[in-house]
There are 4 protein chains.
Amino acid sequence: MGKKRGPKYDLIIEAAVRVIAEHGYHQAQVSKIAKEAGVADGTIYLYFKNKEDILISLFEEKMGRFVEKTKEQIEKENDPGEKLFRLIQMHFKQLAANYALAVVTQLELRQSNAELRLKINEVLKGYLQLIDVVLVDGKESGYFNANLDNRLVRQMIFGTLDEVVTNWVMKDGKYDLVSLAKPVQQMLVNGLTSINR
Amino acid sequence: MGKKRGPKYDLIIEAAVRVIAEHGYHQAQVSKIAKEAGVADGTIYLYFKNKEDILISLFEEKMGRFVEKTKEQIEKENDPGEKLFRLIQMHFKQLAANYALAVVTQLELRQSNAELRLKINEVLKGYLQLIDVVLVDGKESGYFNANLDNRLVRQMIFGTLDEVVTNWVMKDGKYDLVSLAKPVQQMLVNGLTSINR
Amino acid sequence: MGKKRGPKYDLIIEAAVRVIAEHGYHQAQVSKIAKEAGVADGTIYLYFKNKEDILISLFEEKMGRFVEKTKEQIEKENDPGEKLFRLIQMHFKQLAANYALAVVTQLELRQSNAELRLKINEVLKGYLQLIDVVLVDGKESGYFNANLDNRLVRQMIFGTLDEVVTNWVMKDGKYDLVSLAKPVQQMLVNGLTSINR
Amino acid sequence: MGKKRGPKYDLIIEAAVRVIAEHGYHQAQVSKIAKEAGVADGTIYLYFKNKEDILISLFEEKMGRFVEKTKEQIEKENDPGEKLFRLIQMHFKQLAANYALAVVTQLELRQSNAELRLKINEVLKGYLQLIDVVLVDGKESGYFNANLDNRLVRQMIFGTLDEVVTNWVMKDGKYDLVSLAKPVQQMLVNGLTSINR
DNA sequence: TATGAATGAGGATTCATTCAT
DNA sequence: CATGAATGAATCCTCATTCAT
């Protein structure tokens, strides 16, 4: 790829996360990110095509590692229910471990324009495929209902996790997010129905 | 002085929906909205305090009616499962019936700044309470699992519906949204599990 | 003249004085003056050509009466020194008696554009002629120095009185302005020099 | 961060003087000043906080030098009468030498809002203190009348000079201002009285 | 590579004035 | 005479990006 990596590349991305988390998307000027990274404004443009490219790269970097780590954990499990639990747990764990990043992905980056969010969605596909694998495996093993529409399931799982994390961020991370992994997994697996229906 | 209602008030809100849907949030200049509404720029300010006030009012108007109509339909049903179905159906129906509005609520309005989104969240509470009522009633009747965490359920339902609609909008509304109401309801009620587990 | 006098004419002028004194020149919108006068915005334009016309008329009305009253007092005196004293005393007295008007003439109206101030200067000429009469009489009687340049004297007298009143207004009228008439008169007559020079 | 001086700083201030003198205070748009200075609009904001800051800086720069030069001249003289003469002469000389600046200080800048004029008054204090020094010295030496009220004298001197210059500006600088220094000084020192009183 | 001074396009809002009623 | 809803022109400032050094 054409990316110029290097120490300053990472420096700038980390600076962007901090600046956006602290000041918000619309107050995250390139000059502010440059200052936070300890480089000149112009230097940014030696590593990134434009401002949007910083944000996409940020998302790619973070989400790439996010997916990778989640995948590792899932592969340790055989049971579909456990795989789903790991996925949820990793989702919550990684964002809980980096509150600033959570603020950026759940709140701030959503203020970006439609075009940027389209590109962000591209990056998200890697994560959605992870969900798909868990789902298809679970269907094949007879654990998950084979009649379910894959796309809808994906939307339910991602929509739920996303909403849970967003609410947690909006409550300033005041409660324990990771401990919600189990009840959320059970809710997704069993649905709303009472056992004795 | 309170809201100045009147024919032009509605005219401006409808114009705002169309302009934002077509040109996007950041390209929805007041002058463009005024032109679309067929009034002078200054006339906007006889009915709205400022640009943000147009957007909040838009959301209040639309969401107010949205909640109202959904409530009516829910009350027609007795069965908790049917109530949930009606809620989902109305959610999809109303947004499918007004694609421009769906674009605005699912994509464009989310680009607004923190302050505006805070006010939007206030308005959303009315809808979340509707979900709560369905849930609590269903728990009392023994239809829904009484052990479920209300907050998490609310987040699963809203997160799922929101994600389903957003995906539909991002696919340019090319497929039938309303027909997804039933499978989504079943998925939420029964979860991912296979029947014979 | 084309002036439409009438009860509302005066009402509007008095309202303008109050509004300008309270809110300042740049916050004295036509609609605010109309509201203060208890008439509709449009009604203003039945009595005045435009906003500028209100201000000029205000100045004409007030200054006309100002000059008239001052003239009356001057004519009561024979001694040039006393005439000058009366002029100064009346200048201070009339503005001290109407603090709002003083604020308007000394501070607010000066913020008007060059064109308006030119017209205001026209109105001021009547007052300057009054000074001239006192001066010329005093020269003829041998009381004032016949070698003095009339224009410069006029500027010294008016400049001094104006500056004294402006300073008084900027100190919120906290001290007694009228009692300054005598020392100011003596200072103008005798100058800065010590008696034993 | 303090003032960013530099060649462009002066360029912009000089451009502001020319633009305001030619087009008037309210027609002196930032873009017009930038164009006159030969810089981009945005460059203005590298040197000045906002438009008001240009005007205050203009006044500070010009008045600072004005006071400084006047002070130098005054200190060359010993006689109080001569000191006063120098002060008046410098006042007239410096404004006569820069007609555009005279227009700006005597007419245009007075249209500024209350806040700006307050700051301008702060700057003026330096000049008034100069007058005070001349006055107090003259009193001590027995040249000036020790019974005079300092504040009133200051107002007479400043009011007179200001009025003389303003009249000169309003007559488009058509006559010689500097030659008025002597008669004005004599008038201030001797007052209106005839010698043989 | 790195710098940072310079660029310049773009938009919400106010308010004097009009005119149909 | 009186109303007041409607008009629409006009401007300061920000900030992503460039380029001479």
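Just so we're on the same page: letters track the sequence lines, and every chain starts at 1. Computed from a predicted structure; not experimentally measured.
Rounding to whole angstrom units, CD1 of residue B:Ile54 and C1' of E:dG11 are separated by 13 Å. We find that CD1 of D:Ile44 is positioned 17 Å from C1' of F:dC15, with the value rounded to whole Å. Rounded to whole Å, the distance from CD1 on A:Ile33 to P on F:dA16 is 8 Å. When the C1' atom of E:dA12 is taken as reference, atom NE2 of B:His26 falls 15 Å away, rounded to whole Å. Taking atom CG on B:Asp53 and atom C1' on E:dT13, their separation rounds to 14 Å, with Å as the unit. What separates NZ of D:Lys32 from C1' of F:dA10 is a distance of 12 Å, to the nearest Å. In this structure, the NZ atom of B:Lys35 is 13 Å from the C1' atom of F:dG8, given to the nearest Å. Note: CG (D:Leu46) to P (F:dT14) measures 11 Å, nearest angstrom.
Put simply, the side chain of B:Gln27 reaches to within 4.5 Å of the side chain of B:Lys32, judged on heavy atoms. In this structure, A:Lys62 and A:Thr105 have side chains that are not in contact, with every pair of non-hydrogen atoms separated by 4.5 Å or more. The shortest distance between side-chain heavy atoms of D:Val39 and D:Tyr47 does not fall below 4.5 Å.
Applying the 4.0 Å criterion to OP1 and OP2 of E:dT1, one finds that A:Tyr47 has every side-chain N and O outside that range. Between B:Lys8 and the phosphate of F:dA6, there is a side-chain N or O to OP1/OP2 separation shorter than 4.0 Å.
D:Glu122 is linked by a side-chain contact (heavy atoms from CB on, under 4.5 Å) to D:Lys125, counting only residues two or more places apart in sequence or in another chain. Listed by chain and residue number, nothing satisfies the salt bridge (Lys or Arg N to Asp or Glu O under 4.0 Å) test with A:Lys35 (two or more places apart in sequence, or in another chain). Evaluation of the side-chain hydrogen bond (donor to acceptor under 3.5 Å, both in side chains) rule for D:Gln106 yields D:Asp162, D:Thr166 as partners, not counting sequence neighbours. In this structure, the side-chain contact (heavy atoms from CB on, under 4.5 Å) partners of A:Val123, at least two apart in sequence or on a different chain, are A:Phe59, A:Glu60, A:Met63.
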What are the atom names and distances for every N/O pair under 3.5 Å that joins the protein to nucleotides 17-21 of chain F?
{"unit_1": "F:dT17", "atom_1": "OP2", "unit_2": "A:Tyr45", "atom_2": "OH", "d": "3.0"}
{"unit_1": "F:dT17", "atom_1": "OP2", "unit_2": "A:Lys51", "atom_2": "N", "d": "2.9"}

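For the residue pair D:Tyr9 / D:Glu61, a side-chain donor-acceptor distance below 3.5 Å is found, with atom types taken as modelled.
No donor-acceptor pair closer than 3.5 Å links the side chain of B:Arg18 to the backbone N or O of B:Ala100.
Place A:Gln27 and D:Gln29 on DNA chain F by their nearest nucleotides, and D:Gln29 ends up nearer the 5' end.
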Represent DNA chain E in dot-bracket notation, 5' to 3'. Only Watson-Crick or G-U wobble pairs with both distances under 3.5 Å count; pseudoknot-style crossings use [ ] and interstrand partners use |.
.||||||||||||||||||||
